[in-house]
K.L.:
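Would you mind keeping the following structure in view while I ask a few things?
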Amino acid sequence: MNQLIDVKAVAPPKQSVPRKGSGQVASTEEYQALYRQSIENPTLFFGEQARKLLHWYRDFDTVVSGDFYGFSNPPSWFNGGLINACYNAVDRHANETPNQIALIYEADDERLNYNVTYEELLARVCQTAQMLKSIGVKKGDIVTVYMPTIPETVYTILAICRIGAMFSLVFAGFSPNSLRDRIQHANSRVVITTDQALRGGKVVETKSLVDQALEGTDCVEHVVVVERTGAKVNMVEGRDFSYNKTVPTFGVYCPVEWVDSEHPFFLMYTSGSTGKPKGLQQSTAGFLLGTVLSSKHVFGVSQGDVYFCAADVGWVLGLSHAIFGPLLNHATTIIFESTPLHPTPTRLFDVIDRHKATHLYTAPTVLRLLRQHDEGQIKKYDLSSLRCLGTAGEPIAKDVWEWYFNEVGRRRCSICDTYWLTESCMVMLTTIPGVSNMKPGAAGMPFFGVKPKLLDDKGHEITSRPAEGTLVFKNPWPSMARTVRGDHQRYQETYLKPFPGYFFTGDGAVFDKDNTIFITGRVDDVVNVSGHRISTAEIESAIMTAQAENLSIASETAVIGVNDDVTGQALNAFIVLEPHFQDKGHAKVVEHAIEHVAKGIGKFAVPKRLFLVKDLPKTRSGKIMRRVLRKIASGEEDQLSDLSTLSEPAVIDHIIQVVKASSSQPRARL
Ligand code: PRX
């Protein structure tokens, strides 16, 4: 906490000051007045914003009803209203400015770039919607989308909501096993994918991965294949068909299906502190309002802006801010298929310069990588079009913040450190560009309608400042995930029961003397690798089920997160081998365990380092002391502090030796 309570504030640069007519908050007084209203009278505030920023086919009767903590009567927003997400994101702008560019496709190979106007976007979405209808997709069905960041993914997502169906978005880096679990859980009849995907010049065999996922499943009737590379891929007769050959045969208009405000919108799976990912379910109007508000009031997005969120659309950051935020606000959005290092580490700056982007929104892990590769070439790019620089997904270190501010923003742009979660789908804490003072590393102030509180271990509110504790939210907001699909009890137990009366975020925080909030990281067993949430329990369960020669490899394992210069946190696994493997060639056994994690979850979840140990440090009641493993893996074995509950003290020296012996040869991620 000590380093965080005295961080000096940096004044907002003048160039970041909101433009007239953008609808953005223009002064501290305005922020305070709106914030006060949003807390004292949320019905008035959210009702007004919903009517101002969204198009309603039928107006709503009530803003919010239900009970935040009630099991059978959870909060519901904008009851009585009829709305459509696609109409709000596309039609109203296509009608007004058909020739305005909606999407700039920045392809993996930039020679394949092209732009899509709002009129063209509407046409492609309508054709895709009709294709989906032709195979029987209807209101309430869940279509699984396993796609890279390309325009067809945007058409598909918008087409699904146009016809009132629901999408389950699965990042195209997940393994066949993870994809299978999600398809089965959603009971999807239709999966949409590409023949292959390209990222950073590397080919990902998406169609083949879908085929593997579908082995042993019987719910899927159709796989729609978008031709991304044109490679010849396996097509199952009667089940699989080409998007490119089918979609152009449909007309360019498809009517909108107006849905109730609370109509289920999409599913996104997140890791929690148990092994099984949770399928968080969003509702339509709440998500739209949370996203349009965040985009408008945090980033000041409006018509004329070229918004660049460099995230994959398979994650919530990309879905909300590469697709919905800018489109709902009538802006132009850059859809970035590639990686920040491809073909060179100046790719993002080149994109900003070529397209005159007004915003860049990315995660600290990307910034760390770019800073590491910065050899001064960034100065060659004209970045004067930028107004605001966003960051999200993990805490940003002071030196990375300064590099972002000085080198990318050239001291002209506010840095908006935005804190939010898949569960919130709305920015919860933020800096207001051009208005708020910025404190490097701080997520900032509460966003509208958000009441952040700090709790101690016993669940009591800490009111003194500065203070450190667990971050919770005291009231509901429109875009909070409504449930864990099929398991509302789990939703209650994860978010509402840990501290009755509050929504539990899973994060620790420091509130400084000015009430500026710094996130200190997860307090549960979730590790944040490159801005992606990964549950250690999920990896442990993959390692525990790994086999070689039909025999289990591990008798015990513990996976932890340790700080890492590039990825923020890195995964380290400690494995106790089964006796039958203890004397065998270890390298091979380890390869099996790695493969199993890659297959079971995805390559991104493979631990960076694996340590084979004889035993794990445990309390006398048998609980693994992960805190001890974290210290040892971080080279801080001299700071193990209280070991009084440890049952076998000798195990500590052994583990220190194993870690030291292997620290000269860290294992690269696959
Ligand atoms: O630990 C917090 C971290 O990311 C988690 C949420 O991850 P996810 O559901 O993938 O949503 C990402 C949406 C941006 C949080 O529990 N986190 C998110 N934003 C910040 C952050 N940590 C520090 N500062 C942030 N700005």
Side-chain angles (χ1 to χ4, degrees), residues 4 7 169 171 173-174 266-273 277-280 282 287 290-291 294-295 298-299 309-322 324-325 361-368 389-398 400-401 404 415-431 438-447 450 452 470-473 479-481 484 494-495 498 503-511 516-536 561 563 567-569 604-605:
L4 299 180
V7 175
L169 199 54
F171 168 61
F174 274 108
F266 67 87
L267 276 185
M268 191 169 262
Y269 290 80
T270 60
S271 295
S273 47
K278 301 184 283 287
L280 289 168
Q282 273 293 339
F287 172 86
T291 305
S294 306
S295 181
V298 174
F299 296 108
C309 169
D312 192 292
V313 294
W315 295 104
V316 75
L317 183 61
L319 176 74
S320 300
H321 290 276
F324 281 101
Y361 195 15
T362 188
T365 185
V366 170
L367 300 173
R368 285 190 295 268
L389 299 172
T391 153
E394 9 157 15
I396 183 167
K398 186 167 180 279
V400 180
W401 190 100
Y404 201 23
I415 305 274
C416 275
D417 186 342
T418 54
Y419 167 86
W420 54 292
L421 313 93
T422 309
E423 290 83 346
S424 76
C425 274
M426 177 174 99
V427 168
M428 302 301 274
L429 307 173
T430 188
T431 323
M438 304 171 292
K439 289 190 184 171
M445 312 298 283
F447 190 51
V450 176
T470 301
L471 178 69
V472 293
F473 297 120
S479 56
M480 60 190 288
V484 170
T494 310
Y495 303 112
F503 186 95
F504 173 53
T505 60
D507 285 300
V510 165
F511 286 37
T516 306
I517 304 172
F518 294 77
I519 302 296
T520 52
R522 301 285 303 191
V523 292
D524 54 11
D525 292 333
V526 171
V527 178
N528 195 328
V529 181
S530 301
H532 297 154
R533 271 162 72 169
I534 305 177
S535 135
T536 53
N563 291 341
T567 56
Q569 284 188 295
F604 62 89

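Just so you know, ligand 1 is whichever comes first in the structure, and atom 1 is the first atom listed for that ligand.
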K.L.:
Can you find a pair of side-chain heavy atoms, one from T418 and one from F447, that are under 4.5 Å apart?
P.N.:
no
K.L.:
Among W315, W420, Y361, which one puts a heavy atom closest to atom 13 (C) of ligand 1?
P.N.:
W420
K.L.:
In this structure, is the centre-to-centre distance between the rings of F324 and F287 below 6.0 Å?
P.N.:
yes
K.L.:
Can you find an N or O of E423 that's nearer than 3.5 Å to an N or O of ligand 1?
P.N.:
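Not met; the criterion fails.
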K.L.:
Under a 4.0 angstrom heavy-atom cut-off, which atoms of ligand 1 come close to P395?
P.N.:
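Atoms satisfying the 4.0 Å criterion: 22 (N), 23 (C), 24 (N).
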K.L.:
Hey, does T391 have a side-chain heavy atom less than 4.5 Å from the side chain of V400?
P.N.:
no
K.L.:
Which atom names give the shortest non-hydrogen contact between F604 and G173, and what distance separates them?
P.N.:
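Nearest pair, atom of F604 first, then G173: CE2-O, 3.7 Å.
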K.L.:
When you compare ligand 1 with G393, is there at least one nitrogen or oxygen pair between them that comes in under 3.5 angstrom?
P.N.:
yes
K.L.:
Taking only heavy atoms of T422 into account, list the atoms of ligand 1 that are under 4.0 Å away from them.
P.N.:
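Those of ligand 1 that fall under 4.0 Å from T422 are 8 (P), 9 (O), 10 (O), 11 (O).
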K.L.:
With a cut-off of 4.0 Å, which atoms of ligand 1 are near a heavy atom of N528?
P.N.:
3 (C), 4 (O)
K.L.:
Could you report the tightest heavy-atom contact between T516 and A442, atom names first, then the distance?
P.N.:
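Looking at all heavy atoms of both residues, the closest pair is CG2-CB, 3.5 Å.
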K.L.:
State, yes or no, whether a side-chain contact exists between L429 and I519 at a heavy-atom distance under 4.5 Å.
P.N.:
yes
K.L.:
Can you sort out which atoms of ligand 1 are near I519, meaning under 4.0 Å from one of its heavy atoms?
P.N.:
22 (N), 23 (C)
K.L.:
With rounding to the nearest 0.5 angstrom, report the CG to CG distance, D507 to L471.
P.N.:
6.5 Å
K.L.:
What atoms of ligand 1 come closer than 4.0 angstrom to any heavy atom of D417?
P.N.:
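Those atoms are 25 (C), 26 (N).
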K.L.:
Any idea which protein heavy atom is nearest atom 10 (O) of ligand 1, and the distance to it?
P.N.:
R533 CD, 3.5 Å
K.L.:
Select one of side chain, backbone, both or neither to describe which atoms of R522 lie under 4.0 Å from any atom of ligand 1, heavy atoms only.
P.N.:
side chain
K.L.:
Can you give me the closest heavy-atom contact between P452 and I517, atom names plus distance?
P.N.:
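Shortest heavy-atom contact: CG-CD1, 3.8 Å.
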K.L.:
Which residue from V427, D507, V523, L280 reaches closest to atom 2 (C) of ligand 1 through any of its heavy atoms?
P.N.:
D507
K.L.:
Which atoms of ligand 1 sit under 4.0 Å from any heavy atom of A392?
P.N.:
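Reading through ligand 1 atom by atom, the close ones are 14 (C).
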K.L.:
So T494 and E423, do their side chains get closer than 4.5 Å, heavy atoms only?
P.N.:
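Of all side-chain heavy-atom pairs linking T494 with E423, none is under 4.5 Å.
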K.L.:
Measuring from the heavy atoms of T270, does anything fall under 4.0 Å of ligand 1?
P.N.:
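No, T270 has no heavy atoms under 4.0 Å from ligand 1.
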